[in-house]
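Report on the following structure.
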Amino acid sequence: MQMMTRNVLLNMELEEDDEEDGDIVLENFDQTIVCPTFGSLENQQDFRTPEFEEFNGKPDSLFFTDGQRRIDFVLVYEDETKKENKKGTNEKQKRKRQAYESNLICHGLQLEATRSVSDDKLVFVKVHAPWEVLCTYAEIMHIKLPLKPNDLKTRSAFGTLNWFTKVLQVNESIIKPEQEFFTAPFEKSRMNDFYIQDRDSFFNPATRSRIVYFILSRVKYQVMNNVNKFGINRLVSSGIYKAAFPLHDCNFSCESEDLSCPSERYLLYREWAHPRSIYKKQPLDLIRKYYGEKIGIYFAWLGYYTQMLLLAAVVGVACFLYGYFDQDNCTWSKEVCDPDIGGQILMCPQCDKLCPFWRLNVTCESSKKLCIFDSFGTLVFAVFMGVWVTLFLEFWKRRQAELEYEWDTVELQQEEQPRPEYEAQCNHVVINEITQEEERIPFTTCGKCIRITLCASAVFFWILLIIASVIGIIVYRLSVFIVFSATLPKDPSGTDPIQKYLTPQMATSITASIISFIIIMILNTIYEKVAIMITNFELPRTQTDYENSLTMKMFLFQFVNYYSSCFYIAFFKGKFVGYPGDPVYWLGKYRNEECDPGGCLLELTTQLTIIMGGKAIWNNIQEVLLPWVMNLIGRYKRVSRSETTAPRWEQDYHLQPMGNLGLFYEYLEMIIQFGFVTLFVASFPLAPLLALVNNILEIRVDAWKLTTQFRRMVPEKAQDIGAWQPIMQGIAILAVVTNAMIIAFTSDMIPRLVYYWSFSIPPYGDHTYYTMDGYINNTLSIFNITDFKNTDIENPYIELGNYTLCRYRDFRNPPGHPQEYKHNIYYWHVIAAKLAFIIVMEHVIYSVKFFISYAIPDVSKATKSKIKREKYLTQKLLHESHLKDLSKTMGLIAERMGGGVDNSVRPKLE
């Protein structure tokens, strides 16, 4: 029977079964049961159905009614006889469910059904995997299990550390350290080699759930038109089952009444998810044990990222404070606010008809704020962040290697099984080039190329759609700027805060940022479904391949979605505007936007603040508020319906499902934040501080959500953070370029330095010493009002008096010059300085990054030695055990042969 079980799964390519008229086929170990999919159920008695048992009144029980068999998984369905759907639909669903449950029993699983205590329609099917099934599938899945206690993996001792460090650590008297073992892939033929002291505890609950889910995902329930339908996921999505999940081991708020239960959920809530534990380190080993390595590695990465953000936040705050306290020395801002300088400079209109002439000192308040961010500290911080991101990635690789060793996932890639959806499509037979044996694949090389082309085209189309939405936002900016210019007050000396702070540029920026954020959220919701459909069509082989493929598609989309508006403000806005007499138009109609006289850096900072803040608020509403409200409503309905104590499986059913993609959206949220912290940090030094505060709360919010609001996820293995690692490396490389270009092209640092060192003194300047005095007057070009091509400009907002000239932001020759309105010598000096700065900054930071990457190995020498030592001792242990068994067998054979010889020789001697 065990061999038949193994053969069923080893041949999961799901060969075509002989069936007629769309029969449902149930594979038994000894026979095949066929049930027709139409008409009456003549063969219903052939189904093997679970026995119904009444709830025994023990709400914390994790066992069947007999108290012996542990519940490894729970399936929930609504009794078809009590549904309000059409009778024919209910009968079809009932037959599929019965076929599936019968096949589960045929595969060796044990089922027990219990009706809900609060809703008579609901039925809970509890699933238990007996010892023989666990052993068989542990070998098929190559699960590593303990051989003997391991004395190599030593935990750090904190006894010698000071009291403050002890406070931050997990209390080992409450969460005791796990015993470490040498492990090896399980083999039934070598069962005696494994450390089996108790069969009930040899497979921990997480491993049991993994094995049962492996079976549930691959058992068929219908074969129709040569198409195999199988797996619990499809049954849940089609509504035949309402849910499928492993059980939490107890209530999060109190320990289990069962003394044999470790109450790990309660310990996690108390020492990890509770707000009072916000300052403590995370109990990563217990997280990994309870939820699996995949969730464990996420929280390990998030915690490490947060720790590294602390250094970046400190430096960022220092640079911000430098800019804040140094703003009194900001000469160019003083000139803007000075009534005798900025108040006397008449600026040209920034649109054709409705926009008035305006005084430069209108931008006084924004220029003061700009001094805080556009300072020398910004340059220092941008260089620092280029080095910081490399240190973070390199040290994380080392930490990840340590976790691989401690959590025994070093050789995980060899263990991973193909996805059942992939196996079901393996209909093409090819010859393996290595083994020269036949194997099945889902599609030919030509078919694979067609799928890749179609998927790439779909992703490209959606990226173009985002770009179209960005263009729409730009058109909105250009249109609404005219309205704000005509309606907002222009008196900078007024006491109304709107008059002082809300300039037309600022009002346009804020409203456009809010609209951009709303569009980002809408497109994000739609594309999530599209990306999943594309990846399903692509049909990756393993779950890791599936997640990596989906990750790349989603991030590429999100990259354009979230960052496009920031790239526009940083590198395009105000760069191609022409001059007042000959402006550049978008689509032949809309005049290009101009930046404030101080540049677009402050607007970029505003955009980043709105998107980062809005995204954090939106995510918290989605992740915390909605599940809490849904659970609260469900709890209220249950209390009003019944006051009977509910069993553990029913309590868990009423929690929220985690979703098919699990932690995917958590990673995506953090990587998008990582991009904001690194790509545009030159414009907003406080971004690491905001990210640090958000992440400290995010860790505990995610922990609270997992332990209190969501059902327990199926534990999964994971070796690393997957495709997110190369994505972060790509962002780190791009961040050097973007920050260098922000400093060069978005801020006014380079023009100020050029003026200070070259144009403030002869031959270009009038001062006898290096100074910033006169910078504003020198960097604003002059335009003759009579040279306007559009003679319809009306300016009811300001009295021109004797003015015949206006100023605009550019470096061009004045009217009357032989090359009037052409770029002047200052412009070419600035361009040369900007390009030189970008080249020097990039090469310096890239050189430092390369040196750091080379100097810091991905795996520490100590970890490498431990991995090799453990592998050697494991092989030695298995080899010695094998030799002992062989010697014992040879000894028995020798004894038998010796006894046979003595008996045959003795009579002749006599």
Side-chain angles (χ1 to χ4, degrees), residues 138 141-145 153 178 180 183 185 203-214 217 233 246 264 268 272 282-305 393 396-420 422 535 540-552 554-555 658-671 674 698-699 702-703 705-706 710 712-729 858-859 863 867:
M141 297 170 65
H142 307 290
I143 295 177
K144 288 185 175 182
L145 292 169
K153 296 181 181 179
E178 294 293 321
E180 301 292 342
T183 61
F203 294 98
N204 62 35
T207 303
R208 297 178 69 99
S209 297
R210 275 183 61 207
I211 293 174
V212 172
Y213 182 72
F214 182 89
S217 300
N233 291 333
E264 292 173 345
L268 284 172
W272 179 44
Q282 301 181 83
L284 293 177
D285 289 331
L286 184 59
I287 298 171
R288 170 246 181 171
K289 178 185 176 184
Y290 190 75
Y291 287 109
E293 286 78 5
K294 193 169 187 177
I295 292 182
I297 198 74
Y298 163 73
F299 281 103
W301 171 79
L302 182 55
Y304 196 82
Y305 171 45
L393 293 176
W396 164 247
K397 290 178 185 177
R398 292 168 66 89
R399 175 59 178 153
Q400 188 171 257
E402 293 175 2
L403 291 175
E404 287 180 21
Y405 166 71
E406 293 176 3
W407 292 353
D408 211 11
T409 59
V410 176
E411 298 177 353
L412 181 63
Q413 296 297 330
Q414 301 175 7
E415 304 176 23
E416 192 165 13
Q417 302 293 317
R419 296 168 59 239
Y422 177 90
T535 309
R541 182 175 181 274
T542 64
Q543 185 64 24
T544 299
D545 294 339
Y546 180 89
E547 292 177 358
N548 289 346
S549 177
L550 181 61
T551 295
M552 295 304 297
M554 283 294 293
F555 179 76
M658 188 63 183
N660 295 329
L661 296 179
L663 293 172
F664 174 82
Y665 299 109
E666 308 296 338
Y667 272 117
L668 184 61
E669 176 188 351
M670 289 296 104
I671 296 298
F674 178 78
E698 181 75 19
I699 292 174
D702 286 347
K705 178 177 65 178
L706 281 177
F710 284 85
R712 187 175 182 178
M713 293 176 62
V714 179
E716 295 182 58
K717 286 278 188 178
Q719 190 175 26
D720 49 37
I721 61 174
W724 301 111
Q725 183 78 27
I727 286 175
M728 286 194 297
Q729 291 172 341
D858 293 349
V859 184
T863 303
I867 292 173

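Just so you know, residue 1 is the first one in the sequence shown, and it goes up from there.
- In plain terms, the two heavy atoms of R712 and Y290 that are nearest each other are NH2-O, 2.8 Å.
- Side chain of Q400 to main chain of D720: no donor-acceptor pair is present (N/O by atom type, distance under 3.5 Å, no hydrogens or angles).
- Rounded to the nearest 0.5 Å, atoms CD1 (I295) and CD (E666) are 10.0 Å apart.
- Of all the heavy atoms in T863 and A401, the pair that sits closest is CG2-O, 3.8 Å.
- Between P283 and L268 there is a side-chain heavy-atom pair separated by less than 4.5 Å.
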Criterion side chain to side chain contact (heavy atoms under 4.5 Å, CB included) on L393 and Q729, from CA distance to verdict: CA-CA 7 Å; L393 293 176; Q729 291 172 341; 4.0 Å; yes
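- Under the 4.5 Å side-chain criterion, counting only non-hydrogen atoms from C-beta, M728 is in contact with I721.
- Here the shortest heavy-atom pairing between S209 and V714 reads O-CG1, 4.4 Å.
- You'll find the side chain of D858 stays beyond 4.5 Å of the side chain of R398, heavy atoms only.
- Side chains of M670 and L302 form a contact here, defined as non-hydrogen atoms less than 4.5 Å apart.
- When all heavy atoms of P715 and G292 are compared, the closest pair comes out as CB-CA, 4.0 Å.
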Audit row: R210, K717, side chain to side chain contact (heavy atoms under 4.5 Å, CB included) steps and yes/no: CA-CA 9 Å; R210 275 183 61 207; K717 286 278 188 178; 3.4 Å; yes
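- For the atom pair L706 CG and L663 CG, the distance stands at 7.0 Å (nearest 0.5 Å).
- Two residues are said to be in side-chain contact when any heavy atoms from C-beta on lie closer than 4.5 Å; R399 and E404 fail this criterion.
- Proximity of the aromatic rings of W724 and F674 is defined here by a centroid distance below 6.0 angstrom, and this criterion is not met.
- A distance of 4.5 Å separates CZ in F664 from CG in L550, rounded to the nearest 0.5 Å.
- Under 3.5 Å, the side chains of T207 and N204 contain a donor-acceptor pair of N or O atoms.
- Closest non-hydrogen pair, I699 versus G303, comes out as CD1-CA, 3.9 Å.
- Cation-pi contact between R208 and Y213: absent, since separation from the ring centre below 6.0 Å together with deviation from the ring axis within 45° is not met.
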Candidate pair E264 and K289, rule side chain to side chain contact (heavy atoms under 4.5 Å, CB included), full reasoning: CA-CA 9 Å; E264 292 173 345; K289 178 185 176 184; 2.8 Å; yes
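- From E293, atom CD reaches atom CZ of R288 across 4.5 Å, with rounding to the nearest 0.5 Å.
- Contact of the I727 side chain with the M552 side chain is registered, since non-hydrogen atoms from C-beta on lie closer than 4.5 Å.
- Between F203 and L145, some side-chain heavy-atom pair lies under the 4.5 Å cut-off.
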Derivation and outcome, salt bridge (Lys or Arg N to Asp or Glu O under 4.0 Å), residues K397 and E402: CA-CA 9 Å; K397 290 178 185 177; E402 293 175 2; over 6 Å; no
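- Rounded to the nearest 0.5 angstrom, T544 OG1 and E716 CD are separated by 8.5 Å.
- N548 places a side-chain N or O within 3.5 Å of a backbone atom of A723 that can act as its donor or acceptor partner.
- A donor-acceptor pair is defined here as one N or O able to donate and one able to accept, closer than 3.5 Å; such a pair exists between the side chain of T551 and the backbone of E547.
- Panel note: side chain Q282, backbone F299; a donor-acceptor pair is recorded below 3.5 Å.
- Annotation: side chain of L286 is not in contact with side chain of L284 (no heavy-atom distance under 4.5 Å).
- In this model, a donor atom of one side chain and an acceptor atom of the other lie less than 3.5 Å apart for D285 and W407.
- Note on ring orientation: taking the six-membered ring where Trp is involved, the planes of W301 and Y298 are tilted (angle from 30° to 60°).
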Side chain to side chain contact (heavy atoms under 4.5 Å, CB included) between E698 and E669, intermediate numbers included: CA-CA 10 Å; E698 181 75 19; E669 176 188 351; 3.3 Å; yes
